[in-house]
Amino acid sequence: MPSAVILLAGGNGNRMGHCVEDKILLKLNNKTVLEYSLDTFIHSQTVEQYIIVYKDENQLLDIKRALKINHPNLEKFTFTPGGKERQNSVYNGLSVINEQIQHVFIHDCARPLIDVEQLKLLQQSMVDHNAATLAHKVTDTIKQIAERPPLKNNAFALKDLQRDLLWAIETPQIFNKKTILSGYDYVNKNNSIITDDTSAVSAIGEEIFIIENKKPNPKITYPQDLDLIKFLNV
């Protein structure tokens with residue numbers, strides 16, 4: 001089952017403020033955040049095509065410069081520019097997948113702590129499913145704000161959500177290539193806004209196989225997340 005991986009490295013990182021210039025190229029123990037995800041996929045031997053989606057030409061040069069230290073053969077990687085939003089970047093990645101590929105991993109490189117076992121479980125799920133994701137059960141009590149302006153003093157009308165039905169979705173996610181392409185064609189045709197790729201295939205009625213992840217898989221979003229990543233990576 002030949003597979004590809006789309007590694008999303010082109011996010012704006014606005015919520016990081018001015019903490020780091022580019023969180024994807026930040027070095028942790030002498031290796032960039034991008035390389036943690038890339039190396040895990042390489043070591044897993046689960047994919048035949050590596051697609052790196054970059055932000056702009058300046059970042060592309062920085063990525064290639066960083067990769068050449070440990071990955072001098074850059075010809076084995078496919079580089080493609082990102083788009084305005086995450087979903088545009090994913091679609092750009094999908095557009096350069098080799099014809100023989102049957103399954104596609106999609107991963108946010110801002111989650112550097114993935115491991116080989118998780119990737120193999122995801123790939124194995126493709127025997128019986130067309131879409132799968134890592135996720136973890138929600139343990140907090142989650143409230144939904146009512147769709148109306150807030151009351152005075154920052155008070156809101158809150159709606160209870162059933163916690164045992166809630167999952168926090170992670171990446172990597174994996175899809176049958178035809179399924180994810182159909183999902184994104186539908187999303188683009190209907191001008192839908194999505195923030196993860198399972199939403200694209202859910203929109204065409206596809207069920208998502210959930211693999212519960214009991215290992216930490218945090219995403220670098222805010223400056224304080226770096227401390228957690230560094231602690232877990234020791």
Side-chain angles (χ1 to χ4, degrees), residues 1-13 20-124 126 132 134 171-181 184-185 197 200 219-220 229 233:
M1 297 187 295
S3 302
V5 58
I6 297 173
L7 294 166
L8 299 170
N12 290 322
V20 294
E21 185 174 348
D22 189 335
K23 65 184 180 182
I24 298 302
L25 293 173
L26 177 69
K27 283 196 172 183
L28 300 174
N29 294 333
N30 297 316
K31 189 162 73 171
T32 62
V33 169
L34 166 61
E35 288 176 280
Y36 276 93
S37 295
L38 177 61
D39 288 350
T40 301
F41 274 97
I42 291 174
H43 294 154
S44 73
Q45 299 183 339
T46 56
V47 301
E48 287 70 37
Q49 184 183 11
Y50 303 87
I51 301 167
I52 299 175
V53 183
Y54 60 88
K55 177 171 54 180
D56 53 35
E57 291 298 321
N58 288 333
Q59 191 202 37
L60 175 61
L61 291 174
D62 289 338
I63 288 174
K64 288 184 174 181
R65 192 178 298 116
L67 291 182
K68 279 183 178 179
I69 297 174
N70 298 312
H71 304 276
N73 183 15
L74 295 181
E75 293 180 358
K76 66 181 179 181
F77 305 130
T78 302
F79 297 93
T80 190
K84 181 180 179 181
E85 303 294 341
R86 182 188 184 280
Q87 66 191 76
N88 307 123
S89 295
V90 172
Y91 191 75
N92 288 357
L94 291 170
S95 68
V96 296
I97 291 177
N98 293 339
E99 184 178 351
Q100 73 273 19
I101 295 298
Q102 296 181 24
H103 300 108
V104 185
F105 287 95
I106 302 176
H107 180 57
D108 296 316
C109 289
R111 294 185 187 270
L113 301 185
I114 57 173
D115 65 32
V116 169
E117 179 186 1
Q118 294 166 344
L119 301 187
K120 290 186 175 181
L121 288 173
L122 283 164
Q123 189 175 60
Q124 290 166 9
M126 291 292 95
L134 288 184
T171 69
Q173 300 172 1
I174 188 170
F175 306 90
N176 173 281
K177 183 177 72 171
K178 292 182 180 180
T179 301
I180 189 64
L181 285 172
Y184 265 94
D185 285 342
D197 308 297
K219 184 178 180 182
I220 302 173
I229 295 288
N233 189 49

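This chain uses plain numbering: 1 for the first residue, then up along the sequence.
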Could you tell me if the ring centre of Phe105 sits under 6.0 Å from that of Phe41?
yes
Does Thr78 offer a backbone N or O that forms a donor-acceptor pair with the side chain of Thr80 under 3.5 Å?
no
So, does Tyr36 use its side chain to make a donor-acceptor pair with the main chain of Leu28 at under 3.5 Å?
yes
Atom pair CD1/NE2 of Ile174 and His107 - distance to nearest 0.5 Å:
13.0 Å
So Glu57 and Leu61, side-chain contact (heavy atoms from CB on, under 4.5 Å) or not? Walk me through it.
CA-CA 6 Å; Glu57 291 298 321; Leu61 291 174; 5.7 Å; no
Which atom names give the shortest non-hydrogen contact between Glu99 and Lys177, and what distance separates them?
O-NZ, 2.9 Å
Could you tell me which non-hydrogen atom of Ser37 sits nearest to which non-hydrogen atom of Leu7, and how far apart they are?
CB-CD2, 4.3 Å
Check whether Ser89 reaches the backbone of Gly83 with its side chain - one donor and one acceptor, N or O, closer than 3.5 Å.
yes
Using a 3.5 Å distance criterion without hydrogens, assess whether the side chain of Gln59 forms a donor-acceptor pair with backbone atoms of Ala9.
yes
Within-4.5 Å side-chain heavy-atom neighbours: Lys64 and Leu67:
no
Contact between Asp39 and Asn70 at the side-chain level, heavy atoms closer than 4.5 Å - yes or no?
no
Just by modelled atom types, is the Ala132 backbone N or O under 3.5 Å from a matching donor or acceptor in the Gln173 side chain?
no
Whether over 12 other heavy atoms sit under 6.0 Å from Asn73 CG:
yes
Mind checking whether Tyr91 and Asp185 have side chains closer than 4.5 Å, heavy atoms only?
yes
Are the side chain of Lys23 and the backbone N or O of Ile220 linked by a donor-acceptor pair below 3.5 Å?
yes
Does the salt bridge (Lys or Arg N to Asp or Glu O under 4.0 Å) test come out yes or no for Asp197 and Arg86, once each step is laid out?
CA-CA 10 Å; Asp197 308 297; Arg86 182 188 184 280; 3.0 Å; yes
Answer whether the closest heavy-atom distance between the side chains of Leu8 and Thr171 falls below 4.5 Å.
no
Looking only at non-hydrogen atoms, find the nearest pair between Ala66 and Thr32 and report the distance.
CB-CG2, 4.0 Å
Minimum heavy-atom distance Val53-Gly82, with the two atoms named
CG1-CA, 3.5 Å
Within the side chain of Asp56, is there an N or O that forms a donor-acceptor pair under 3.5 Å with the backbone of Asn58?
yes
Between the main-chain N or O of Lys178 and the side-chain N or O of Asn176, is there a donor-acceptor pair closer than 3.5 Å?
yes
NZ/Lys31 to CD1/Ile69 distance, rounded to the nearest 0.5 angstrom?
12.5 Å
Quick one: pull up CD1 in Ile114 and CG in Leu134 and give me the separation to the nearest 0.5 Å.
8.5 Å
More than 12 foreign heavy atoms under 6.0 Å from CD of Gln102: is that the case here?
yes
Kindly determine whether Asp22 and Asp62 satisfy side-chain contact (heavy atoms from CB on, under 4.5 Å), including the steps that lead there.
CA-CA 10 Å; Asp22 189 335; Asp62 289 338; 5.9 Å; no
Minimum heavy-atom separation for Gln123 and Thr46, please, with both atom names.
NE2-O, 2.7 Å
Determine whether Val5 and Leu119 make a side-chain contact, defined as any pair of heavy atoms from C-beta on separated by less than 4.5 Å.
no
Is the backbone N or O of Ala200 less than 3.5 Å from a side-chain atom of Gln87, with the two atoms forming a donor-acceptor pair by type?
no
side-chain contact (heavy atoms from CB on, under 4.5 Å) involving Pro81 - partner list, sequence neighbours excluded:
Tyr54
How far apart are the closest heavy atoms of Ile51 and Val96, and which atoms are they?
CG2-CG2, 3.9 Å
With under 30° as parallel and over 60° as perpendicular, where do the rings of His71 and Phe77 fit, or are they tilted in between?
perpendicular
Would you say Gln100's side chain and Pro2's backbone share a donor-acceptor pair under 3.5 angstrom?
no
How many angstroms lie between atom OG of Ser44 and atom CD of Glu117, to the nearest 0.5 angstrom?
12.0 Å
